Amino acid sequence: MVDFALTSEQTSLRDMARKFARTEMAPHAAECDRAGRFPDEIYRKAWELGLMNLNVPTEYGGTGLALFDQCLIVEELAHACAGMTTSIIANCLALEPILLGGTEEQKHRILDPFCAEYHLASFCLTEPSGGSDAGSLKTHARRDGDHYVLDGEKCFITNAPFASLYTVFATTDPTLRHKGINAFVVSRDTEGVLPGKEEEKMGHRASATSTVRFEGARVPVANRLGADGEGFSIAMRTLDQTRTPIGALATGIAQAAIDHAAAYAKRRHTFGKPIAEHQAIQIKLADMTQALRAARLLTWEAAWTIDHGERGSLESAVAKCFASDAAMRVADEAIQVFGGYGYMKEYPVEKLLRDAKLAQIYEGSNEIQRIVIARELLQRYA
Amino acid sequence: MEIAVLVKPVPDAETRLRPDAGGSGLDPEGVKWVLAGYDESAVEQALLLKESIPGTSVRAISYGPLARAEEVLRFAIALGCDAATSVEQPAGAPDDPLVTAAALHLALSKRAVALVLCGKQAGDDETGLVGPALAEMLGIAEYGVAVNVRWDAASSALTLQQSVEGGLVRVRASLPAVVALQQAWNDPRTAKLPNILKSRKAAIERMPASEVSSAIATVQALAARRLAFRLPPPRTGAKMIEYKSPEEAAERLVRILREEAKVFP
């Protein structure tokens, strides 16, 4: 019953993603990282090949992959550059609320034209005053006839400077806390939608991140997703879906770190032999490999669980949290294997550490993931 | 018009090859079969022609064990081929270029194909014989080592370039013809994800081994027999020459080449 073998279809998808990652992304990863450049031409190509709207069903113009298959692809892309991968999969995060909360009419009206061309979308939940405490968000939505009027500010929003669509979470009544939150689809063209300047980041520097301000932005009621007050639930269910690919992204970083470290260890000589023949290095590589393989299997398990129709809150939180912590450890050890060279920007491993760090923070910090895990666990002992 | 493009499954370059138990062939266990690089260029050329000539369709044809052949055919469909035919290799039939040509001839003789494209050779056995042999069996011309195949509507003929020593020859070719292509000159496209998904469900025409057996019977008797299949000996370590001046380095290198490697008498 349990089967770890990929189907030939899955192998084909993975091979295609691997080819794209190696030929289109990897050669530009160091340059984009150094310059903090957003390689729009690579993202456009990713869209052309169907790598961008992976979770959107084909009937709305997406690729329509199961979560497991998405994870296979994300791992391959992240192996080449986690920053580019974040920008490529940001559409999945931004569009998921529409898939979960939208009506058929909304899905076709919004997604059909969006997916038919190269477009970017941004998921706007986090605010300057807090990200994890989503129930206390301050962006306000005031009902005015057929419209809502949005005021407030979102921050750390992936792809925001280049997005044409924003899914925005705002409260109609802060006293209701979670129950006052609604989700809106907001077009970039709307007056009063103001993306800020790009942030200078530690890692994921090929991805663009900025604030988005809403100053009296009028959004049609027809663009509210779900019932009045359903926004918080939509946000949480979205993150249940999109958390697992972050585990895959972290796995890709860890795999890259091991590939670099193992190859270097066989090349680099000290005390008359390759450092790969010293047990100190072998033990590192062995520990790194254990962390990698556990990260991948937990990610696969979470994706499998969700693909089988379960919510998978526990599994996806475990996968995301474990894999990102593992990527951080593995990247750290890869630098240690490289020694002084690992600390130099001329070599590829210090970037992996900077990139891995974000995976512990975004899409729900690992502290939040542990809260989710504990809550899910303790519920089972009621 | 219909273009046929011949695609051969070859072991992936990253596969670790092993001789089989008999020591005369490749052990297929664990081998990943992929579309040969030269044939990938041929598929790309077929698709470029299809895009430039209205009403053109491309059929990929592969000869080999069924699962292997169909894997590369699905890949060709994902790249943009319209249809596919798998020609099943009968159990025990030798891997021989003339046998392959005869089997492919059977598939092609049943169709009105104007143009047959293939790689000039395959990345495994590198014989480069299937294209010319097939053209001979079909009784049509063959153009080898070709690049830049274009359709000239005014003269209803192909123009193409052939690599020769030190340059390229420009050729005008009337149809029907077999054109064998150079590798990697046309930057083969990447299959789109949705097309990969569709290709998994595409129908593939099958030519069963029973039909193929009689078609290859005559040439099979002439097939080359492979006596042994061995891996190259493992590489030995490089030798570093220590020197103080370039002259000294050259002198030492020449001495090693002469006395140890025996490159010079």
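Below, read A as the first sequence line, B as the second, and so on, with proteins coming before strands; counting in each chain starts at 1. Quick caveat, the model's predicted, so the values are computed rather than measured.
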Novice: Can you name the one residue among B/Val179, B/Leu6, B/Ile61 that meets side-chain contact (heavy atoms from CB on, under 4.5 Å) with B/Val116?
Specialist: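 With B/Val116 as partner, side-chain contact (heavy atoms from CB on, under 4.5 Å) holds for just one option, B/Leu6.
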Novice: Enumerate, including both backbone and side-chain atoms, all donor-acceptor pairs under 3.5 Å from chain B to chain A.
Specialist:
unit_1   : atom_1 : unit_2  : atom_2 : d
B/Glu14  : OE2    : A/Arg22 : NH1    : 3.3
B/Lys32  : NZ     : A/Asp15 : OD1    : 3.4
B/Lys32  : NZ     : A/Asp15 : OD2    : 2.5
B/Leu193 : N      : A/Leu49 : O      : 2.8
B/Arg200 : NH1    : A/Ser12 : OG     : 3.0
B/Arg200 : NH2    : A/Ser8  : OG     : 2.6

Novice: Under the 3.5 angstrom rule, does the side chain of B/Glu88 hit a backbone N or O of B/Ala209 as a donor-acceptor pair?
Specialist: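 Present.
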Novice: Taking only residues two or more places apart in sequence or in another chain, which ones pass side chain to side chain contact (heavy atoms under 4.5 Å, CB included) with B/Val212?
Specialist: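 Residues passing side chain to side chain contact (heavy atoms under 4.5 Å, CB included) with B/Val212: B/Tyr63, B/Val87, B/Pro90, B/Ala103, B/Leu106, B/Met207, B/Ile216.
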Novice: Partners of B/Arg252 by salt bridge (Lys or Arg N to Asp or Glu O under 4.0 Å), sequence neighbours excluded?
Specialist: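 If we apply the salt bridge (Lys or Arg N to Asp or Glu O under 4.0 Å) test to B/Arg252, skipping adjacent residues, the hits are B/Glu248.
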Novice: Side-chain donor-acceptor pair under 3.5 Å between B/Gln45 and B/Asn148, yes or no?
Specialist: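 On atom types as modelled, these side chains do not qualify, holding no pair under 3.5 Å.
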Novice: What pairs with B/Asp125 under salt bridge (Lys or Arg N to Asp or Glu O under 4.0 Å), at least two apart in sequence or on another chain?
Specialist: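 Salt bridge (Lys or Arg N to Asp or Glu O under 4.0 Å) list for B/Asp125, sorted by chain: B/Lys8.
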